[in-house]
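Beneath this line is the structure, given in structure tokens, with notes to follow.
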Amino acid sequence: MKIDILTLFPEIFHTIFNWSIIGRAVEKKLVRLNCINIRDFSEDKHKRVDDYPFGGGPGMVMKPEPIAKAIESVKESESKVIYLSPKGKVYNQKMANKLAREKHLILLSGHYEGIDNRIVEHYIDEEISIGDYVLTGGEIPSLVLLDSIIRLIPGVLGSEDSFIEDSHYNGLLEHPQYTRPRDFNGYMVPSVLLSGNHKEIEKWRLYESLKITYLNRRDLLKKKDLTDEEKDMLKEIYKELEIK
Ligand code: 4FV
């Protein structure tokens with residue numbers, strides 16, 4: 001997969017391109033990352049990339065020409081151009097799984113009040129928001145997509161199955177995790193996890209996943225079609241939590 005990042009602040013990405021799992025994925029040529037400074041495509045003598053909003057109002061708007069030229073400089077037939085903005089579809093694991101199957105992604109990071117809407121209308125394939133809050137720029141949202149997509153590329157994570165158990169992977173939040181020491185300040189690890197009985201461990205993990213999902217994200221439970229085993233476990237959980 002190739003990912004091109006269009007931004008006015010390439011410096012923030014250079015660090016990430018060599019960082020941890022993403023850095024190793026680049027080294028192992030499992031993904032090609034490239035950063036493009038939109039300002040390099042400004043033909044304005046002062047290299048302007050923003051201007052006042054037509055119709056007045058606070059702040060500045062990013063000009064269309066530099067963005068259009070930056071997109072055209074990397075766009076190929078299989079490219080998917082994504083604009084990160086609070087007006088986009090709210091991002092989730094399902095969207096990450098889908099984007100991880102693309103050949104070429106172009107991530108456009110806006111700034112100021114946003115970009116000229118003719119770019120959204122005529123150059124963008126998908127508008128994505130990382131959540132209902134406003135940031136100073138689209139750079140951090142681009143990094144969220146970068147990290148969540150690259151870790152799904154086969155060969156990037158140690159073993160494929162390390163994301164199988166992730167929260168949201170199966171529509172539930174992940175079960176609690178424990179590691180050594182068994183006794184931490186008198187707080188013990190649940191004994192089932194030390195039993196070596198993998199069947200019992202799987203049952204305990206599913207039970208705990210359902211419980212934490214019920215407590216923290218009931219909305220996810222409503223979206224999930226539960227197996228009979230999961231429905232039975234939920235009844236036990238309601239009893240444990242004394243929920244009528
Ligand atoms: C954002 C979000 C976000 C809006 C104005 C950048 C800022 C500034 N992007 N998910 N939430 N963008 O707040 O994606 O240009």
Side-chain angles (χ1 to χ4, degrees), residues 1-17 19 22 31 33-42 44 46-75 79-102 104-152 166-168 217 219-220:
M1 170 188 275
K2 182 170 181 256
I3 305 179
D4 281 293
I5 309 265
L6 278 51
T7 175
L8 292 172
F9 303 94
E11 59 277 12
I12 187 177
F13 294 95
H14 295 145
T15 317
I16 300 291
F17 286 4
W19 170 68
I22 294 176
V31 64
L33 301 178
N34 178 41
C35 223
I36 291 175
N37 190 333
I38 296 166
R39 196 178 294 281
D40 296 345
F41 293 84
S42 170
D44 173 280
H46 308 294
K47 287 286 187 196
R48 291 193 64 133
V49 292
D50 65 321
D51 205 337
Y52 296 99
F54 276 123
M60 302 295 274
V61 174
M62 286 180 76
K63 293 168 62 61
E65 310 95 319
I67 299 174
K69 289 190 177 66
I71 291 173
E72 282 152 0
S73 74
V74 286
K75 193 168 172 29
S79 307
K80 193 176 190 66
V81 185
I82 294 173
Y83 172 45
L84 289 303
S85 106
K87 291 186 268 187
K89 191 167 178 294
V90 176
Y91 193 51
N92 59 31
Q93 189 64 42
K94 202 151 148 280
M95 292 161 73
N97 299 343
K98 193 161 160 293
L99 291 174
R101 293 193 287 273
E102 295 285 340
H104 181 214
L105 295 177
I106 299 172
L107 304 183
L108 172 58
S109 311
H111 219 75
Y112 313 107
E113 294 309 309
I115 67 176
D116 185 292
N117 205 61
R118 289 166 287 188
I119 295 293
V120 179
E121 291 161 319
H122 307 294
Y123 290 78
I124 300 299
D125 298 311
E126 202 171 334
E127 203 169 351
I128 293 179
S129 168
I130 63 165
D132 299 341
Y133 39 82
V134 179
L135 304 166
T136 61
E139 283 70 25
I140 291 171
S142 294
L143 289 171
V144 167
L145 265 67
L146 213 61
D147 188 292
S148 58
I149 290 167
I150 290 175
R151 63 188 293 279
L152 297 172
D166 282 348
S167 288
H168 303 295
R217 293 293 308 277
D219 59 305
L220 294 176

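Ligands are counted one by one from 1 in listed order, and the atoms in each one are counted from 1 as well. The figures that follow rest on heavy atoms only: side chains count, while hydrogens, waters and symmetry mates do not. Just so we're clear, the structure is a prediction, and the values are computed from it rather than from any experiment.
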Check your understanding: Stepwise, does the salt bridge (Lys or Arg N to Asp or Glu O under 4.0 Å) test hold for E126 with K80?
Key -> CA-CA 8 Å; E126 202 171 334; K80 193 176 190 66; 3.6 Å; yes

Practice item. Identify, for atom 13 (O) of ligand 1, the protein heavy atom at the shortest distance, and state residue, atom and that distance. Key: L135 N, 2.8 Å

Practice item. May I ask you to check if ligand 1 and V134 share an N or O to N or O distance below 3.5 Å? Key: no

**Study point:** Any L107 side-chain heavy atom under 4.5 Å of F13 side chain
**Key:** no

Exercise for review: Heavy-atom contacts with G110 under 4.0 Å: which atoms of ligand 1 show up? List them by number with element.
Suggested key: 15 (O)

Practice item. For atom 14 (O) of ligand 1, find the nearest protein heavy atom and state the residue, atom name and distance (0.1 Å precision). Key: S85 N, 3.4 Å

Check your understanding: Relative to the heavy atoms of G131, which atoms of ligand 1 are at a distance of less than 4.0 Å?
Key -> 11 (N)

Point to revise | Heavy-atom donor-acceptor pair, D125 side chain to I82 backbone, under 3.5 Å | key: no

Exercise for review: Kindly confirm or rule out an N or O of Y112 lying under 3.5 angstrom from an N or O of ligand 1.
Suggested key: yes

**Study point:** Under 4.0 Å to a heavy atom of H111 - the qualifying atoms of ligand 1, by number
**Key:** 15 (O)

Practice item. Do me a favour and list the nearest non-hydrogen protein atom to atom 12 (N) of ligand 1 with residue, atom name and distance? Key: P86 CD, 3.6 Å

Point to revise | Residue and atom name of the nearest protein heavy atom (relative to atom 11 (N) of ligand 1), distance in Å to one decimal | key: Y133 O, 2.9 Å

Review point. Salt bridge between K87 and E127, side-chain N to carboxylate O under 4.0 Å?
Key: no

Review point. Is the closest N or O pair between I130 and ligand 1 shorter than 3.5 Å?
Key: yes

Review point. Just heavy atoms, cut-off under 4.0 Å: does S129 contact ligand 1 by side chain, backbone, both, or neither?
Key: both

**Study point:** Side-chain donor/acceptor of S42 to backbone N/O of P66, under 3.5 Å
**Key:** no

Check your understanding: Do H104 and D4 touch side chain to side chain, with heavy atoms closer than 4.5 Å?
Key -> yes

Review point. Hey, what's the ring geometry for F17 with H14, parallel, tilted or perpendicular (30° and 60° as the breaks)?
Key: perpendicular

Review point. Closest approach of P53 and G59, non-hydrogen atoms and distance?
Key: CD-O, 3.2 Å

Review point. Considering only heavy atoms of G137, which atoms of ligand 1 have at least one such atom less than 4.0 Å away?
Key: 6 (C)

